[in-house]
Amino acid sequence: MQKPSLPKGTRDFGPVQMARRTHILEVIKETFQLFGYQQIETPAMENLSTLTGKYGDEGDQLLFKILNSGDFLKDVESTDLESGASAVLPKVAEKGLRYDLTVPFARYVVMNRNELTFPFKRYQIQPVWRADRPQKGRYREFYQCDADVVGTESLVCEAEIILMIRNVFGKLGLKDYSIKINNRKILTGIAEAIGEEGKEGPLCVAIDKLDKIGWEKVQEELSQRGFGNQSIQNLAPLVSLEADLAGKVEFLKSFLKNSETGLKGVEELEEVFQILSQMGENLDFVDFDIMLARGLSYYTGAIFEVKVNGVSIGSVSGGGRYDNLTGVFGLPGVSGIGFSFGVDRLYDVLDELGLFPEENLNGTKLLLTYFDEKGFSYALSLLNIFRKAGIKTEIYPDQAKIKKQFEFATKKQISFVGICGDNEIQSGTISIKNLNSGEQNSYSIQEAAGLLENL
RNA sequence: GUGAUUGUAGCUCAGCUGGUUAGAGCGCUGGUUUGUGGCACCAGAGGUCGCCGGUUCGAACCCGGUCUUUCACCCCA
């Protein structure tokens, strides 16, 4: 028999990990609910036609496809095989695993448009799958925690995303991070302003590498991508700009003075800040990053990305506004905005920073122990009394030496053992020992229950 | 998908230019202790050296393939 193993990029979660993951998820869930979002779930698999074409060519490559049931070869002709994988695929697979939560949500909104009350605020916490090459902080199966609003263009949503991120990060104990924010319209405007209208896509891909490869290399790349020398020179003042938030805004107002779209982007950004101020909130952790570009295939307004400083993990949250996500499913003109927390990466970040609380297992509080058959029977009769009092109680099920039972309690981090021996049976009491302090006393059953209830 | 990298006991790792029965710490099991865990001491179990093939008198070590891990590119949570 060979050793069992897991598919590449997938993991098991043991009790300790689950306690920690649950903690993270609870914080996120509470926050979403606090801001008025309602939970939905969608199936792990979608029709392949729902998924393909939404994430670009590379995204399609990363989709997990599900082989049809039964004789999946029945529609395949030998000519298909000769034509290669792309000809065979649609005939052998009609379903795929979801790649993110946004596209299934868009599908959901379109299918339920008549039942939903708009603006519709939903959150969704489910695993997604990508046939990516695994690395640190990158898995083939991972959870996303999405919150989206559809059916409103109000910038209150943008402001509230910032508040939700700060709420979650604060509760998780994260103190050094930046919420990078930008606006797709600003990027469009920049492309216009330097004389390369419509080319913000390649512009951003190149400029995104500024931190990594430097301005010189970025210029080379831009040149390769067909940007004129004059355009690249026009870009220079922006690259070298060092200013605070207000300074950046002022600079852009003049830099983008001939781009209507660009100015609109700056206005939107200012309005978000304005709304925050009206809410009595500040701009802590907010970093206006003019070069931030992500999800260009569908974002049209605000863009978010959150990075925790001082750790080796990539972004732990991201999102943005999309004006026409449901358009591809036949419902145009519905604006939406959403963002997502990556629980798995948040876990890695908290782990790396040592921010998980020590006692997080929330497990059993009391283990009933005994020496012999008589004590075992006595302990069985007490179980329900403690459990009714709301105390997480268990009994060592196999009749074993008391030493073994104590070791079990220690290993499972059970703080109290209740000893059921002849003396206790005779007097109708129980001896409670605190395994952390070593202190031991005898109590009546009711006293013991009352005592443990309050600890 | 491209180029690297990793794999030895449950865990973290040693293992000399290829040479007898592959080691350590922690963990595990039993005992010192049949009304008491952690600490200490004693004893013990546990490995087809990721897998398949090749070179060699001989392979954990060299070569090829494959899987896995990690990293860069790409992209992303």
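Here is the naming used below: chain letters follow the sequence lines, and residue numbers restart at 1 for every chain.
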I'd like the P distance from B/A4 over to B/A9, given in whole Å. 28 Å
Could you note down all residue pairs passing ring-ring contact (aromatic ring centres under 6.0 Å, His included) where residues 43-64 of chain A supplies at least one of them, sequence neighbours left out? A/Tyr55-A/Tyr99
What does A/Gln440 touch in the nucleic acid at a heavy-atom separation under 4.0 angstrom: a base, only the sugar-phosphate, or nothing? base
With sugar-phosphate meaning primed atoms plus P, OP1 and OP2, does A/Ser317 contact a base, only sugar-phosphate, or nothing at under 4.0 Å between heavy atoms? sugar-phosphate
Assign A/Gly9 to base, sugar-phosphate, or nothing according to its heavy-atom contacts below 4.0 angstrom with the strands shown. sugar-phosphate
At under 4.0 Å between heavy atoms, what does A/Asp422 touch on the DNA or RNA strands: base, sugar-phosphate, or nothing? base
Quick one: which protein N/O atoms are closer than 3.5 Å to N/O atoms of nucleotides 25-29 of chain B? Pair and distance per line, please.
| from | atom 1 | to | atom 2 | distance (Å) |
| --- | --- | --- | --- | --- |
| B/C28 | OP1 | A/Lys411 | NZ | 3.4 |

If you look at every strand shown and take non-hydrogen atoms under 4.0 Å, does A/Asp344 touch a base, only sugar-phosphate, or nothing? nothing
Hey, could you give me each pair passing ring-ring contact (aromatic ring centres under 6.0 Å, His included) that has a residue in residues 133-163 of chain A? Not counting sequence neighbours. none
May I ask you to say what A/Lys433 touches in the nucleic acid, namely base, sugar-phosphate or nothing, with a heavy-atom cut-off under 4.0 Å? base
When you get a sec, tell me which of B/U69, B/G37, B/A77 is the closest nucleotide to the side chain of A/Lys8? B/U69
Every stem of 3 or more Watson-Crick or G-U pairs under 3.5 Å that RNA chain B joins, in order of first number, is B:1-4 with B:70-73, B:10-13 with B:23-26, B:28-32 with B:40-44, B:50-54 with B:62-66
Anything under 3.5 Å between a protein N or O and an N or O of nucleotides 40-45 of chain B, put it in a table, one pair a line.
none

What distance, rounded to whole Å, do you find between the two C1' atoms, one in B/C62 and one in B/G19? 15 Å
Nucleotide N/O to protein N/O under 3.5 Å, stretch nucleotides 1-6 of chain B:
| from | atom 1 | to | atom 2 | distance (Å) |
| --- | --- | --- | --- | --- |
| B/U2 | O4 | A/Arg133 | NH1 | 3.0 |
| B/G3 | O6 | A/Arg133 | NH1 | 3.0 |

Check the side chains of A/Asp176 and A/Asn309 for a donor-acceptor pair under 3.5 angstrom, ignoring hydrogens and angles. yes
Taking A/Glu141 first and then A/Arg130, would you say they form a salt bridge - that is, a charged N and a carboxylate O separated by under 4.0 Å? no
Can you check the A/Ile432 CD1 to B/G37 P distance for me, whole Å? 17 Å
Closer than 4.0 Å, any side-chain N/O of A/Gln135 to the OP1 or OP2 of B/A72? yes
A/Ile419 near the nucleic acid: base, sugar-phosphate alone, or nothing, with a heavy-atom cut-off under 4.0 Å? base
Answer with base, sugar-phosphate or nothing: what part of the nucleic acid does A/Glu305 contact at a heavy-atom distance below 4.0 Å? nothing
C1' atom, B/A72 versus B/U12: distance in rounded Å? 27 Å
What integer distance in Å separates A/Gln405:CD from B/G37:P? 12 Å
More 5' along RNA chain B: A/Val417 or A/Lys136, using each one's nearest nucleotide? A/Val417
Solution key, residues 372-384 of chain A side-chain donor-acceptor pairs under 3.5 Å, sequence neighbours excluded:
| from | atom 1 | to | atom 2 | distance (Å) |
| --- | --- | --- | --- | --- |
| A/Asp372 | OD1 | A/Lys374 | N | 3.3 |
| A/Asp372 | OD1 | A/Gly375 | N | 3.0 |
| A/Glu373 | OE1 | A/Gln399 | NE2 | 2.9 |
| A/Tyr378 | OH | A/Thr429 | N | 3.3 |
| A/Tyr378 | OH | A/Thr429 | O | 2.7 |
| A/Ser381 | OG | A/Tyr378 | O | 2.6 |

Looking across every strand, which nucleic acid part, if any, lies under 4.0 Å from A/Gly137 by heavy atom: base, sugar-phosphate, or nothing? base
Suppose we screen for side-chain hydrogen bond (donor to acceptor under 3.5 Å, both in side chains). Which residues come up paired with A/Lys175, at least two apart in sequence or across chains? none
From NZ of A/Lys180 across to C1' of B/A77 the rounded distance in Å is 15 Å
Euclidean distance, atom CG of residue A/Asp348 to atom C1' of B/C76 [Å, nearest integer]: 15 Å
Please determine whether a side-chain nitrogen of the Lys or Arg among A/Glu94 and A/Lys65 lies less than 4.0 Å from a carboxylate oxygen of the Asp or Glu. no
Atom pairs and distances, donor-acceptor, side-chain atoms in residues 439-455 of chain A, under 3.5 Å, two or more places apart:
| from | atom 1 | to | atom 2 | distance (Å) |
| --- | --- | --- | --- | --- |
| A/Ser444 | OG | A/Glu447 | N | 3.1 |
| A/Glu447 | OE1 | A/Ser444 | N | 3.0 |
| A/Asn454 | ND2 | A/Gly450 | O | 3.1 |

Going by an N to O cut-off under 4.0 Å, is there a salt bridge joining A/Glu268 and A/Lys185? yes
Sidechain N-carboxylate O distance under 4.0 Å for A/Arg122, A/Asp148: yes
Contact class for A/Gly438 vs. all strands (heavy atom < 4.0 Å): base, sugar-phosphate, or nothing? base
Rounding to an integer number of Å, can you tell me how far A/Glu58 CD sits from B/C73 C1'? 11 Å
Report yes if the distance between the aromatic ring centroids of A/Tyr123 and A/Phe32 is under 6.0 Å, otherwise no. yes
For A/Phe285, enumerate each residue passing the ring-ring contact (aromatic ring centres under 6.0 Å, His included) test, keeping only those at least two apart in sequence or located in another chain. A/Tyr177
Ignoring hydrogens and angles, state whether a donor on the side chain of A/Gln135 or A/Arg133 is under 3.5 Å from an acceptor on the partner side chain. no
Could you list the residues that satisfy ring-ring contact (aromatic ring centres under 6.0 Å, His included) with A/Tyr396, not counting sequence neighbours? A/Phe408
Checking all strands, does A/Ser315 fall into the base, sugar-phosphate, or nothing category for heavy-atom contacts under 4.0 angstrom? sugar-phosphate
What contact category does A/Phe341 fall into here, base, sugar-phosphate, or nothing, at under 4.0 angstrom with non-hydrogen atoms? nothing
List the atom pairs, donor and acceptor, that lie under 3.5 Å between side-chain atoms in residues 156-165 of chain A and the rest of the protein, sequence neighbours left out.
| from | atom 1 | to | atom 2 | distance (Å) |
| --- | --- | --- | --- | --- |
| A/Glu158 | OE1 | A/Arg321 | NH2 | 3.1 |
| A/Glu158 | OE2 | A/Arg321 | NE | 2.7 |
| A/Glu158 | OE2 | A/Arg321 | NH2 | 3.4 |

